[in-house]
Amino acid sequence: MLRSEYPRPDFVRPLWKSLNGPWSFTFDDAHVGHEQNFTAGNKFKRTIIVPFAFQTSLSGINEQDFHDHLWYQRTFKVPVAMRKKRVILHFNAVDYYSEVYLNGELVGKHEGGQTGFSFDITKFLTYKTERLVVYAFDPSTDEYIPRGKQYWKEKPESIWYNRTSGIWQSVWLEAVEENYVHDVFFTPDYDAGMIEIKLKVSDANIVPTLVVDKRRVKLEFTKVDENTLVAHYHALKTNRDYKTKSWSPSNPYLFDVQIKYGKDVVTTYFGMRKISTEGGKVLLNNEPYYMKLVLDQGYFKDGLLTAPSIGDLLKDIELAKAMGFNGARKHQKVEDKYYMYFADKIGFLVWGEMASTVKFNQESARRTMNEWKSVLPRDYNHPSIVCWVPLNESWGVWEISKDKAQQEHSLDLYNYIRNYDKTRLVVTNDGWEMTLTDICAIHNYRHGNIDDLATQEKFRYDISTKERLLASTPADRPIYVPGYKHRGEPILLTEFGGISYAIDQDGWGYSAVKSGATLVKEYKRIMQDIKNSSALAGYCYTQLTDVEVEINGLLTYTRQPKVSLMAIRRINEMIKERY
C-alpha cells in the first residue's frame, strides 16, 4: 500500500513530490554504519515501504524485535518544474533521533519522534540522480523519551503496545519561491468577529494579498519584524454570520483562504470558533456544550501508529460520529494531520495529546517540552482541536504529589501551552493529581462487572455530585496535588468503561461481557449513572477500537462494529444537555 496523498492538507502548494514507497533498508545492531560510511549511500540489502515502521506488516518487514539503529536509502530526481525553485525536504515524523544525508553530505539532524521537520536542500542538489540517506535511532528501552504507548519490552502487554521506530509518516519534496510564506497562524477573536492573521515570511517588505471565500480582501499588514506580518480580518460581520459561519460539529464552516506573496501561492483555511468555560460548564461559541468524547489510541493492526490510508483516518471519525460521539481524545499520540483536517471538514472535536515519558528527570522534562514546542505551531490552525493534554495519569511524573520538581514540570507545561495558545483549554494531568488545569478531568474504571452490585453502587455514588467527584480517589490517588484545589473548572469523566468483548482476538478490559447485547446493556447502565450525575459536564468513553492486547473497543482492531452503531448512538443521545 502506497501513501501518495498530499501530506499537508491545511497548507497546500502546487509543486511537490512524494518520496514514500520502497527504500533500501538495514538494521545496524552493531552501530557501525557511521564508521563504515553508510552515509555515502550504500544500497542496503532489505527493502522497506515508507512511511511504515519496520514493526508493521505494511512495511514489508514486520519484525518486532529490538533494533535501535536503522538506515534508509533511496534515490530520486528533482522534477523539471521544480528545478528553478528552492526545494524543501519534509519528514512528517521520524521516531526518535534522525540524521539526513544527501549525496553524502549531512543536511541536518532532528530529535523528537512525534512531529515533523524540514530542511532546505537546494544547495545539496546535483539535479541528476540524488541519493538520500536517513539514519534513525530509536532507543527501545529508554524510559526517559516521550514514547506514549510504545512498550520498552519486546512483547506488548497490559496497556503497552508494539513500538513504531524510524520513519512513520510521509517524506516529501516541496518547491517554493526564493521568497515564500514559511507559516501562517490564524487566531480567532470570536466575540469581536475578527481573525488575526500572522504570516512568517522570508521578507516582511513584500506585501501579501489574500483571497477569502473566493473574494479578494484588502488588509493592512503590520510589519512586526523582518520575518513577521500581522493583519486582522472581520470574518463575522452580522448576527446571521455568527449563526452560519461559526465553526462547530453541527456547522463546520471553514473560510477558504488563498495567500499570494510575491510569486508564492498557498491555499489554506480557518474556522471561527471559541472554546471557554464558565460556571462549571464547557462553552462552545459562548453556548454550553456537553462533550461526548471517545478515547482513540490511533493504532492500526497493519500499520501501528501509521494509518494504512487517509481514508482510514476519516473512517474512524465517521464511525465515532455514527455512534453519537461529538469528539475524540487522541491518546498519547500526535496524530497525522489528515485526522484534524477531516475533523475540521466534517465537524468533530479533538483533544490533542502528546506522548508521555515513563520516568522523570531533567532530560525527560526537556524532551517533553521540546516536542510540545513543535506540536503547538504544527496544529495551531485546526478549529477542531479544542483542548491540549500535556500529561496523563501522572505518567512520567509518578511522584508528582510530593516531588516539587515534577509539580514544576506540570506547571511549566500548563503555562507554556496556555501562553502560546490562548484559544484552547489545557488539561494538565488527565485523570488525577492535577495542578493548574482548565478542566477537572477524572478517570474512573471502578464501575464493576454486570453482577458486581456493590462496586456499581460505589461508582454511582462517587460520580453523583461535585463534592463526591472531588473527594474520590479512583486510582487511590487524589484528584488534585496537595496544595492545589478545584477552582470551579468543569468536571468531566475522561476515562471510564473499557468493557471487553472478544470478537476476533483474545485480550483484556476493565470489565468483561460475553455478548453484544450485554455490552449494550452495560454501556447503557454506566451512561445512565453519568446522566444522573449533577456535576459532570461531559465524558470520554474508553475506547473506540481494540488495540493489541486490549479488547475493550466498541470496534474491533480492524474497525468492525461489535454492536449496532445506532444502539450506542441512542444511549449517547439520552444524555441531553441540561443547561
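Computed from a predicted model, the values in this text were never measured in an experiment. Note that these values count all heavy atoms, side chains included, but never hydrogens, waters or copies made by symmetry.
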Q332 versus E353, side-chain donor and acceptor atoms under 3.5 Å: yes

Between the main-chain N or O of V426 and the side-chain N or O of D438, is there a donor-acceptor pair closer than 3.5 Å? yes

For the residue pair W172 and H90, does the interplanar ring angle fall in the parallel (under 30°), tilted (30 to 60°) or perpendicular (over 60°) class? parallel

Test E99 against every option in H34, H110, K109 by the side chain to side chain donor-acceptor pair (under 3.5 Å) rule and name the one that passes. H34

Start with the C-alpha gap between M434 and E489, add the side-chain angles, then the distance that decides, and say whether side-chain contact (heavy atoms from CB on, under 4.5 Å) holds. CA-CA 12 Å; M434 286 165 274; E489 54 265 25; over 6 Å; no

Return yes if a side-chain donor-acceptor contact under 3.5 Å exists between D95 and Q150, otherwise no. yes

Using atom types as modelled and distance alone, determine if a side-chain donor or acceptor of R147 lies under 3.5 Å from a backbone N or O of V358. no

Check this for me, if you would: do R367 and E363 make a salt bridge, where the nitrogen-to-carboxylate-oxygen distance has to be below 4.0 angstrom? yes

If we ignore angles and hydrogens, is there a donor and acceptor under 3.5 Å between the side chains of S401 and E433? yes

Between Y480 and H486, do the side chains contain a donor N or O and an acceptor N or O under 3.5 Å apart? no

Approximate separation, where rounding is to 0.5 Å, of N92 CG and S170 OG: 5.5 Å

Sub-3.5 Å donor-acceptor pair from the side chain of Y338 to the main-chain atoms of Y6, do we have one? yes

Reported CG-to-CZ distance for the pair L89 and F124, which is rounded to 0.5 angstrom: 10.5 Å

Using a strict 4.0 Å threshold on nitrogen-to-oxygen distance, state whether K149 and E548 make a salt bridge. no

Give a yes-or-no answer on whether the side chains of Y380 and T187 include a donor-acceptor pair shorter than 3.5 Å. yes

Heavy-atom closest pair, residues T75 and R131: CG2-NH1, 4.0 Å

Distance-only, no hydrogens or angles: does the D28 side chain make a donor-acceptor pair with backbone N or O of G33 under 3.5 Å? yes

Heavy-atom closest pair, residues D264 and N179: CB-O, 3.9 Å

Nearest-0.5 Å distance that lies between atom CG in L425 and atom SG in C387: 5.5 Å

Sort out for me which residue in N392, T494, D296 forms a side chain to side chain donor-acceptor pair (under 3.5 Å) with R329. N392

Determine whether more than 12 heavy atoms belonging to other residues, nucleotides or ligands lie under 6.0 Å from atom NZ of K301. no

Salt bridge or not between E5 and R3? Use side-chain N to carboxylate O under 4.0 Å. yes

Option passing salt bridge (charged side-chain N to carboxylate O under 4.0 Å, His left out) with E177 (candidates K85, R86, R13): K85

Can you tell me how far the CE atom of M291 sits from the CG atom of L493, to the nearest 0.5 Å? 14.5 Å

Between Y339 and K330, is there a cation-pi geometry (under 6.0 Å to ring centre, at most 45° from the normal)? yes

K373 NZ/CZ over Y420 ring centroid, <6.0 Å and within 45° of normal: no

Look only at the side chain of D189 and the backbone of I195, and say whether a donor-acceptor pair between them is shorter than 3.5 Å. no

With a 3.5 Å cut-off and no angle check, do the side chains of N429 and S394 form a donor-acceptor pair? yes

Rounded to the nearest 0.5 Å, how far apart are CH2 of W152 and CZ of R163? 11.0 Å

Could you walk me through whether Y341 and D336 pass the side chain to side chain donor-acceptor pair (under 3.5 Å) check? CA-CA 9 Å; Y341 171 76; D336 188 303; over 6 Å; no

Between S384 and D344, do the side chains contain an N or O donor and an N or O acceptor separated by less than 3.5 Å? yes

R477 bridged to E393 by N-O distance under 4.0 Å: no

Residues at least two apart in sequence or cross-chain that pass side chain to side chain donor-acceptor pair (under 3.5 Å) with N370, listed by chain then number, are none

With distance as the sole test, does T357 use its side chain to make a donor-acceptor pair with the main-chain N or O of K359 at under 3.5 Å? yes

Shortest non-hydrogen contact from E550 to S158? CG-O, 3.8 Å

For A320 and F348, which heavy atoms make the closest approach, and how far apart are they? CB-CZ, 3.6 Å

State whether the side chain of S59 and the backbone N or O of A53 hold a donor-acceptor pair below 3.5 Å, judged by distance alone. yes

Has the side chain of D183 got a donor or acceptor atom that lies under 3.5 Å from a matching backbone atom of K200? no

Does T545 use its side chain to pair, donor to acceptor, with the backbone of Y557 at less than 3.5 Å? no

Nearest atoms (heavy-atom pairs only) where R378 meets K337: O-NZ, 2.8 Å

What distance separates H31 NE2 from H69 NE2, expressed to the nearest 0.5 Å? 4.5 Å

Are any side-chain N or O atoms of Q73 and backbone N or O atoms of V133, one a donor and one an acceptor, separated by less than 3.5 Å? no

